[in-house]
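Here is the structure we will look at, set down as structure tokens.
Whatever order the structure lists ligands and atoms in, that order sets their numbers, starting from 1. Here, residue 1 is the first one in the sequence, and each next residue gets the next number.
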Amino acid sequence: MKTPHSISEYHDIYRESITHPEKFWAEIADSFRWKKKWDKVLEWDFNKPEVKWFTGGKLNITENCIDRHLPDKANHTAILWEPNDPNTPARKITYKELHEQVCRVANMLKAHGVKKGDRVCIYLPMVPEAAYAMLGCARIGAIHSVVFAGFSSGSLIDRINDSHCKLVLTADGAFRGDKKIDLKGIVNNAVEKCPSVEKIIVLERTKTPVDMKPGRDLWWHDEMAKVSDTCAAEEMDAEDMLFILYTSGSTGKPKGMVHTCGGYMVYCDYTFRTVFQYKPGQLFWCTADVGWITGHSYIVYGPLSAGATTLIFEGVPSWPDMGRFWHVIEKHQVNIFYTAPTAIRSLQTASIDFVNKHDLSSLQVLGSVGEPINEEAWHWYDKNIGKEKCPIVDTWWQTETGGIMISPIAHVTKLKPAFATLPLPGVQPAIMDEHGNIMTGNGIEGRLAMQFPWPSIARTIYGDHQRYKDTYFSTFRGKYFSGDGCKRDEDGYYRITGRVDDIIIVSGHNMGTAEIESAINEHSAVAESAVVGFPHHLKGQGIYAFVICYEKPREEEKLRNEIKETVAKIIGPIAKPDKIQFVNGLPKTRSGKIMRRILRKVAEGELSNLGDTTTLLDPNVVEEIKKGAH
Ligand code: PRX
């Protein structure tokens with residue numbers, strides 16, 4: 001087996017994986033159920049760019065996530081669902097039931113004209129049906145595009161239209177703590193501007209009254225009851241699209257990252273087993289939303305492919321109280337817990353009694369994902385949750401990478417707080433200097449790139465291969481550029497230092513500054529805006545907006561609130577600026593480019609150290625901005 005169980009095994013396997021990558025991945029891929037084996041393991045050219053894994057191979061990922069575990073695991077729990085309300089009983093879905101439900105969704109989609117290659121938008125809360133929906137699409141070769149149910153109709157419109165989704169799977173509403181979110185209302189508003197949408201299938205969840213348009217809108221339970229619970233799995237080429245998932249870009253609209261069937265499956269499964277050292281019978285809980293890549297890879301595809309039990313949690317960490325996560329861990333005896341630093345930091349602020357009243361002794365491995373974890377949060381997590389006996393795997397990866405790339409391996413890698421530590425087998429990082437040269441040796445800092453493909457690298461941006469090339473393969477010739485800064489210390493350990501482009505990571509969510517700016521500019525009083533990140537004690541980074549209005553605002557606070565609401569309406573509440581400063585001008589170069597470096601310093605409160613301002617068109621602008629900073 002290729003999963004290391006000691007650090008010396010890791011080094012041996014790693015060496016082998018980069019010396020003979022094709023042999024390495026072929027041996028791993030061999031353990032899956034293929035309808036036809038591949039002809040070639042890898043074809044690639046990062047200059048084009050083009051990457052293909054397991055070409056000629058035929059498979060269906062749902063057969064690997066479900067059918068191959070039957071009949072042995074027919075009665076094992078595949079999904080353990082913990083609802084929003086702790087008084088509502090949890091639900092266990094066995095592998096057999098999962099098979100039936102996924103087949104029904106597949107047949108339901110077929111009955112409404114969805115065919116292989118069609119795009120289906122999934123806009124659902126954290127319910128088991130979200131997993132059935134994804135797998136139901138994959139069963140028939142439809143391409144799913146899951147949109148996080150916290151996004152508003154503007155974001156939904158962009159995503160549906162970009163990939164021309166034919167059908168939307170949604171719910172009447174979503175529970176989030178003590179709130180209800182009107183999902184169907186948001187979808188109704190959105191689809192008015194989405195001509196490709198023919199049908200909307202609505203899951204009943206909150207029982208909120210909703211507007212259903214005859215001929216277009218259907219109830220999930222009615223449609224599921226009409227179809228059979230068996231459905232042959234479509235034969236997919238290894239390089240056929242499995243899903244599209246949108247992630248923010250540093251300029252313009254979100255990027256629809258395309259993942260394909262074969263490589264994604266192999267990599268998710270391998271990294272799930274390896275990083276968490278998953279053992280049969282363990283209960284795995286990843287707290288991400290299925291609307292993000294973490295949910296795709298480590299709630300649905302990775303754990304199910306490994307035949308694990310995956311916990312899906314509908315609620316929020318702070319309701320009914322700040323002990324909800326710890327309550328769920330105790331209640332279900334969770335063994336592996338994978339969450340985000342932002343959640344840890346916010347729970348850390350609550351009384352430690354919320355932790356201590358729960359028995360967390362079932363925990364064996366802890367994980368962190370989405371942003372750099374600060375040392376303080378790391379130690380709190382280690383001491384209070386892991387009781388200093390659970391390794392913390394700080395997993396670095398991206399929507400684009402499909403799976404974990406740099407991370408400790410539980411019980412194998414010696415940990416160092418706030419370090420993602422070492423590349424996984426098959427991963428070949430390079431740290432680049434500003435001239436585009438690979439930096440050698442240790443004790444260095446630069447930008448993180450990848451020199452060689454791994455099976456789950458996103459293959460393109462849906463409908464825009466040129467943008468894929470420009471964004472990831474043009475900064476460093478022949479290499480994939482991650483957009484992150486990175487250090488390699490004296491021990492050869494990697495530490496991710498954060499984005500070096502115009503993406504800010506707010507509570508673990510990627511946000512493009514350009515996208516937020518264009519939402520702010522939608523407010524009729526706003527002439528121009530510039531958004532930067534600043535350190536935020538809970539969110540990691542907060543959003544700081546510098547806004548120029550057509551007229552000097554009379555009621556600043558009121559206008560701030562209106563701008564925040566505009567952003568919430570267009571993108572979603574997560575994109576609301578934390579701080580808005582009204583300014584008369586922005587620091588621009590003579591060619592009209594905003595000097596964000598200066599704005600970042602202001603936002604960080606470093607007013608005395610703004611660096612070189614001599615190239616500014618109007619240096620007075622900076623003095624005014626400094627005065628108004630908060
Ligand atoms: O900046 C890195 C940060 O999150 C970015 C990717 O965001 P997204 O595509 O939304 O995927 C998040 C879940 C995989 C990265 O470019 N990031 C992610 N994990 C870490 C991290 N930064 C530091 N340490 C991590 N463990």
Side-chain angles (χ1 to χ4, degrees), residues 146-148 150-151 243-250 254-259 264 267-268 271-272 275 286-299 301-302 338-345 366-375 377-378 381 392-408 413 415-424 427 429 447-450 454 456-458 461 471-472 475 480-487 493-513 515 533 539-541 574-575:
V146 184
V147 178
F148 171 54
F151 276 129
F243 65 84
I244 302 168
L245 183 60
Y246 287 85
T247 186
S248 297
S250 53
K255 302 168 291 195
M257 303 314 306
V258 170
H259 284 283
Y264 177 80
Y267 197 76
C268 275
T271 51
F272 171 74
V275 170
C286 164
T287 69
D289 192 281
V290 286
W292 311 116
I293 191 69
T294 312
H296 282 57
S297 302
Y298 300 109
I299 293 179
Y301 289 111
Y338 189 30
T339 195
T342 185
I344 299 167
R345 284 192 299 267
L366 301 176
S368 168
V369 60
E371 58 181 305
I373 178 166
N374 47 309
E375 282 199 39
W378 195 99
Y381 197 26
I392 299 176
V393 291
D394 176 0
T395 63
W396 176 83
W397 58 297
Q398 311 177 292
T399 306
E400 295 84 342
T401 71
I404 299 169
M405 302 285 285
I406 303 182
S407 170
T413 314
L415 305 173
K416 199 182 271 191
F419 278 76
T421 73
L422 298 169
L424 294 184
V427 172
R447 289 184 281 170
L448 180 62
M450 294 292 152
W454 59 99
S456 65
I457 181 175
I461 291 174
T471 311
Y472 305 106
T475 313
Y480 167 86
F481 175 44
S482 67
D484 280 322
C486 182
K487 285 181 186 174
Y493 269 29
Y494 289 78
R495 177 181 187 145
I496 311 301
T497 51
R499 302 288 310 188
V500 294
D501 54 11
D502 287 327
I503 288 176
I504 47 186
I505 309 225
V506 182
S507 299
H509 306 315
N510 259 3
M511 318 256 28
T513 51
E515 206 183 342
K539 299 179 177 182
Q541 280 191 296
I574 51 173

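- In this structure, the side chain of Thr401 engages the main chain of Gly403 through a donor-acceptor pair within 3.5 Å.
- Counting heavy atoms closer than 4.0 Å to ligand 1, residue Gln398 contributes atoms from both its backbone and its side chain.
- Judged purely by distance below 3.5 Å, without hydrogens or angles, the side chains of Thr395 and Tyr298 never pair a donor atom with an acceptor atom.
- Not one N or O of Thr294 is nearer than 3.5 Å to an N or O of ligand 1, by distance alone.
- Side-chain atoms of Ser507 never come within 3.5 Å of backbone atoms of Thr342 as a donor-acceptor pair (strictly under, hydrogens ignored).
- Taking distance alone, with nitrogen or oxygen atoms compared against 3.5 Å, Asp394 approaches ligand 1 more closely than that limit.
- Considering only non-hydrogen protein atoms, atom 16 (O) of ligand 1 sits nearest to Asp484 OD2, 2.6 Å.
- Applying the 4.0 Å criterion to heavy atoms of Thr395 picks out, from ligand 1, the atoms 19 (N), 20 (C), 25 (C), 26 (N).
- For ligand 1, the atoms lying closer than 4.0 Å to a non-hydrogen atom of Val369 are 13 (C), 14 (C).
- Judged by the shortest distance from any of its heavy atoms, Gly370 lies inside the 4.0 Å radius around the atoms of ligand 1.
- Shown here are the side chain to side chain donor-acceptor pair (under 3.5 Å) partners of Tyr480, two or more places apart in sequence or in another chain: Gln398.
- Here the protein heavy atom with the shortest distance to atom 25 (C) of ligand 1 is Glu371 O, 3.5 Å.
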For the pair Tyr264 and Ser297, evaluate side chain to side chain donor-acceptor pair (under 3.5 Å) and give the outcome as yes or no after the intermediate values. CA-CA 9 Å; Tyr264 177 80; Ser297 302; 2.7 Å; yes
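- Taking every non-hydrogen atom of Ile496 and a distance limit under 4.0 Å, the qualifying atoms of ligand 1 come out as 22 (N), 23 (C).
- Taking Trp396 as the reference, Asp484 meet the side chain to side chain donor-acceptor pair (under 3.5 Å) condition, with sequence neighbours excluded.
- Atom numbering of ligand 1 starts at 1 in the shown order; those under 4.0 Å from a heavy atom of Pro372 are 22 (N), 23 (C), 24 (N).
- When non-hydrogen atoms are compared, ligand 1 lies under 4.0 Å from the backbone of Thr399 as well as from its side chain.
- Tyr381 places a side-chain N or O within donor-acceptor distance of the main-chain N or O of Gly367, the cut-off being under 3.5 Å.
- In the vicinity of Trp397, heavy-atom distances shorter than 4.0 Å reach the ligand 1 atoms 6 (C), 14 (C), 15 (C), 18 (C), 19 (N).
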Might you work through the ring-ring contact (aromatic ring centres under 6.0 Å, His included) test for Tyr267 and Trp397, ending with a clear yes or no? CA-CA 12 Å; Tyr267 197 76; Trp397 58 297; 9.0 Å; no
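- With values rounded to the nearest 0.5 angstrom, Thr421 atom OG1 is found 9.5 Å from Lys416 atom NZ.
- Any N or O atom pair closer than 3.5 Å counts here, and Ser368 shares no such pair with ligand 1.
- The side chain of Ile505, and not its backbone, has at least one atom closer than 4.0 Å to an atom of ligand 1 (non-hydrogen atoms only; side chain from C-beta on).
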